[in-house]
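To start, the structure itself, in structure tokens.
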Amino acid sequence: MISIGLKKIRPILQFNLRLYQSLSKSTLNEAIEKLKPLKGGHISLVKDEASGIATITLEHAEKKNALSGQMMVEFADIVEDLKLWESGKGLILRGSGDTFCSGGDLNTVKNINNPCDGLLMSTLMHSTLNQLYCLPLVTVTLVHGKAIGGGSELTTATDFRVFSNTGETSFVQGKMGVVTGWGGGTRLVHLLGPRLALYLMTSCKKVSSEEALNIGLSDSTVPVDSRYEDTLNWLHQLIKHDSEVINAMKNIVIGARNLTLEESFLNERTLFSPLWGGPANMRALKKNVKHK
Ligand SMILES: C[C@@H](C(=O)O)C(=O)SCCNC(=O)CCNC(=O)[C@H](O)C(C)(C)COP(=O)(O)OP(=O)(O)OC[C@H]1O[C@@H](n2cnc3c(N)ncnc32)[C@H](O)[C@@H]1OP(=O)(O)O
């Protein structure tokens, strides 16, 4: 009976996750062709096998970490890489220099400034950021300095946000005559609810680190000088368990976000059963842990 359940649930979860990936393969390929030649900056990925924490760094400091077309394509490749990282537990997304990200690189934007190309860019960024959103890792954005436009959208693609004192986010798309192009509007509603999300989008208000903490957009504020180390420490507190346990916890959250209630409970049972009596569970039982 259980094996029937196991067989059923994988396709359900995978079907829902495929929704994010299946924004038409040919459209994605067309987007990559279009965006790749639009150069500038770089995105790096460092995977620390010992801790299970990966760090993605936007490296275009001279343009305030604006995302060029080339960086958008690199971002897609990095998320593909992380999807295959079996021992991974956590991820930090950050920017280099004094700004988290000033959104789309205006030089790239000028080259693709028509509805068709806009749809291509949007399709690629939706695919990348929604797959990031669905990684089985505990993910956090370190918001140091400004997150503007598309930059503010990036911050919504992780589970948590840690702001440095100077961290600030603003959904300025309205001032640019557009709306969120990277899926940040939908994720913002999931994060804060429709009322606050609509307020932030329509007002284009700058949200300081303090305000972000107050409204539940930020999970912690860290001093500027020790921002990366403090974010690492903050994340370490959440990823003490075995990677299988962390991955299953995150997959419960992803399932609950995407599936119907019934499917989500089935997903949860399916994730639970292999851990019950598994290596981490047996080690814990042997230790006779007291939860004082
Ligand atoms: C995709 C779409 C969406 O919303 O979905 C978007 O994101 S649209 C993009 C929305 N973002 C924007 O409109 C950003 C506009 N930029 C700004 O507001 C400002 O530059 C700040 C980001 C607040 C930084 O001001 P600050 O006075 O500190 O520095 P700055 O203005 O001298 O900027 C340093 C250099 O970075 C460049 N720079 C800054 N942001 C850029 C961007 N997004 N694309 C291309 N270049 C950019 C500046 O032009 C300047 O280049 P030079 O040294 O060569 O002069």
Side-chain angles (χ1 to χ4, degrees), residues 23 27-28 31-32 34-43 57-76 79 93-130 132-133 141-158 161 163-191 197-209 212 217 224:
L23 297 161
T27 310
L28 287 174
I32 290 167
K34 186 99 214 174
L35 291 164
K36 210 172 189 170
L38 304 174
K39 307 273 185 215
H42 167 63
I43 304 187
T57 310
L58 311 178
E59 297 189 5
H60 198 189
E62 68 278 17
K63 298 288 178 196
K64 305 290 176 185
N65 294 325
L67 249 62
S68 66
Q70 178 192 14
M71 289 168 78
M72 293 178 200
V73 174
E74 284 177 3
F75 212 157
V79 173
L93 171 64
R94 66 171 180 175
S96 55
D98 64 5
T99 305
F100 171 66
C101 173
S102 64
D105 182 332
L106 295 170
N107 297 319
T108 288
V109 169
K110 279 171 202 151
N111 271 286
I112 55 167
N113 198 12
N114 63 75
C116 285
D117 289 348
L119 184 60
L120 287 180
M121 176 195 70
S122 187
T123 303
L124 180 64
M125 289 304 288
H126 271 235
S127 166
T128 300
L129 295 182
N130 286 330
L132 175 66
Y133 197 45
T141 304
L142 168 54
V143 185
H144 169 57
K146 292 180 196 304
I148 297 176
S152 60
E153 296 191 57
L154 296 186
T155 73
T156 64
T158 51
R161 280 143 294 282
F163 278 56
S164 76
N165 307 78
T166 66
E168 178 190 289
T169 187
S170 49
F171 289 81
V172 300
Q173 287 84 355
K175 284 193 201 168
M176 306 292 289
V178 291
V179 294
T180 42
W182 297 351
T186 303
R187 288 188 300 270
L188 195 62
V189 171
H190 278 228
L191 247 175
L198 186 61
Y199 176 73
L200 293 186
M201 288 192 278
T202 51
S203 66
C204 304
K205 188 181 177 323
K206 287 181 189 164
V207 182
S208 68
S209 56
L217 185 58
V224 169

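In listed order, ligands and their atoms are each counted from 1. The first residue in the sequence is number 1, and the count goes up from there.
- For atom 1 (C) of ligand 1, the nearest protein heavy atom (residue, atom name, distance) is Trp182 CZ2, 3.7 Å.
- At distances below 3.5 Å, not a single donor-acceptor pair connects side-chain atoms of Arg161 with backbone N or O atoms of Val143.
- Distance check for atom 17 (C) of ligand 1: every protein heavy atom is found at 4.0 Å or beyond.
- Judged purely by atom type and a 3.5 angstrom limit, His144 has no side-chain atom pairing as donor or acceptor with the backbone of Phe100.
- Among protein heavy atoms, the minimum distance from atom 20 (O) of ligand 1 is reached at Lys64 CG, 4.9 Å.
- When distances from atom 11 (N) of ligand 1 to the protein are checked, a heavy atom turns up under 4.0 Å.
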#### Entry: Lys146 and Asp98: CA distance, side-chain angles, deciding distance, salt bridge (charged side-chain N to carboxylate O under 4.0 Å, His left out) verdict
CA-CA 8 Å; Lys146 292 180 196 304; Asp98 64 5; over 6 Å; no

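- Using a 4.0 angstrom heavy-atom cutoff, Asp105 counts as in contact with ligand 1.
- Of all the atoms in ligand 1, the ones that sit under 4.0 Å from a non-hydrogen atom of Gly181 are 5 (O).
- Met72 contributes atom CE, which lies 5.5 Å from atom CE of Met125 (distance to the nearest 0.5 angstrom).
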### Task
Begin from the C-alpha positions of Lys34 and Asp117 and carry the test side-chain contact (heavy atoms from CB on, under 4.5 Å) through to its verdict.
CA-CA 8 Å; Lys34 186 99 214 174; Asp117 289 348; 3.3 Å; yes

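- At least one N or O atom of Glu153 sits closer than 3.5 Å to an N or O atom of ligand 1.
- What sits closest to atom 54 (O) of ligand 1 on the protein, heavy atoms only, is Lys63 NZ, 2.9 Å.
- A donor-acceptor pair under 3.5 Å is formed between the side chain of Gln70 and the backbone N or O of Gly40.
- Considering both main-chain and side-chain atoms, Val109 never comes within under 3.5 Å of ligand 1 through any nitrogen or oxygen pair.
- How far OG1 of Thr155 is from CG of Leu93: 9.0 Å, rounded to the nearest 0.5 Å.
- A donor and an acceptor atom, one from each side chain of Asn65 and Ser102, are nowhere located under 3.5 Å apart.
- Heavy-atom proximity to Lys146, at under 4.0 Å, picks out these atoms of ligand 1: 23 (C).
- Distances below 4.0 Å separate heavy atoms of Gly103 from the following atoms of ligand 1: 7 (O).
- Ser127 places no side-chain N or O within donor-acceptor distance of the main-chain N or O of Thr123, the cut-off being under 3.5 Å.
- A donor-acceptor pair under 3.5 Å is formed between the side chain of Ser96 and the backbone N or O of Leu58.
- Proximity of Ser102 to ligand 1, defined as any heavy-atom pair under 4.0 Å, is shared by backbone and side chain alike.
- Protein heavy atoms all stay at least 4.0 Å away from atom 32 (O) of ligand 1.
- Ligand-side atoms of ligand 1 in range of Ile148: 11 (N), 22 (C), 23 (C), range being under 4.0 angstrom from any heavy atom.
- Side chains of Arg94 and Thr57: a donor-acceptor N/O pair is present below 3.5 angstrom, by distance only.
- Protein non-hydrogen atoms do not reach within 4.0 Å of atom 25 (O) of ligand 1.
- Looking at Glu62 against ligand 1, only its backbone comes within 4.0 Å, counting heavy atoms.
- The shortest N or O to N or O distance between Gln173 and ligand 1 is below 3.5 Å.
- Protein heavy atoms all stay at least 4.0 Å away from atom 50 (C) of ligand 1.
- The main-chain N or O of Ala66 is never found under 3.5 Å from a side-chain atom of Asp105 such that the two would form a donor-acceptor pair.
- Put simply, atom 44 (N) of ligand 1 has protein non-hydrogen atoms near it, under 4.0 Å away.
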#### Entry: Residues Ser68, Asn107; criterion side-chain hydrogen bond (donor to acceptor under 3.5 Å, both in side chains); working and verdict
CA-CA 8 Å; Ser68 66; Asn107 297 319; over 6 Å; no

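- Annotation for Lys205: atom NZ counts as buried by contact number, over 12 foreign heavy atoms lying within 6.0 Å.
- When only non-hydrogen protein atoms are considered, atom 13 (O) of ligand 1 lies nearest to Met176 CE, 3.7 Å.
- At least one N or O atom of Gly104, backbone or side chain, sits closer than 3.5 Å to an N or O atom of ligand 1.
- Between the Glu153 side chain and the Gly181 main chain, a donor and an acceptor come within less than 3.5 Å of each other.
- Proximity to Ala66 (heavy-atom distance under 4.0 Å) selects the following atoms of ligand 1: 42 (C), 43 (N), 44 (N).
- The nearest protein atom to atom 15 (C) of ligand 1, hydrogens excluded, is given as Leu106 CD1, 4.2 Å; this is a heavy-atom distance.
- In terms of protein heavy-atom proximity, atom 3 (C) of ligand 1 is nearest to Gly150 N, 3.7 Å.
- Atom 29 (O) of ligand 1 is approached by the protein to below 4.0 angstrom, counting heavy atoms only.
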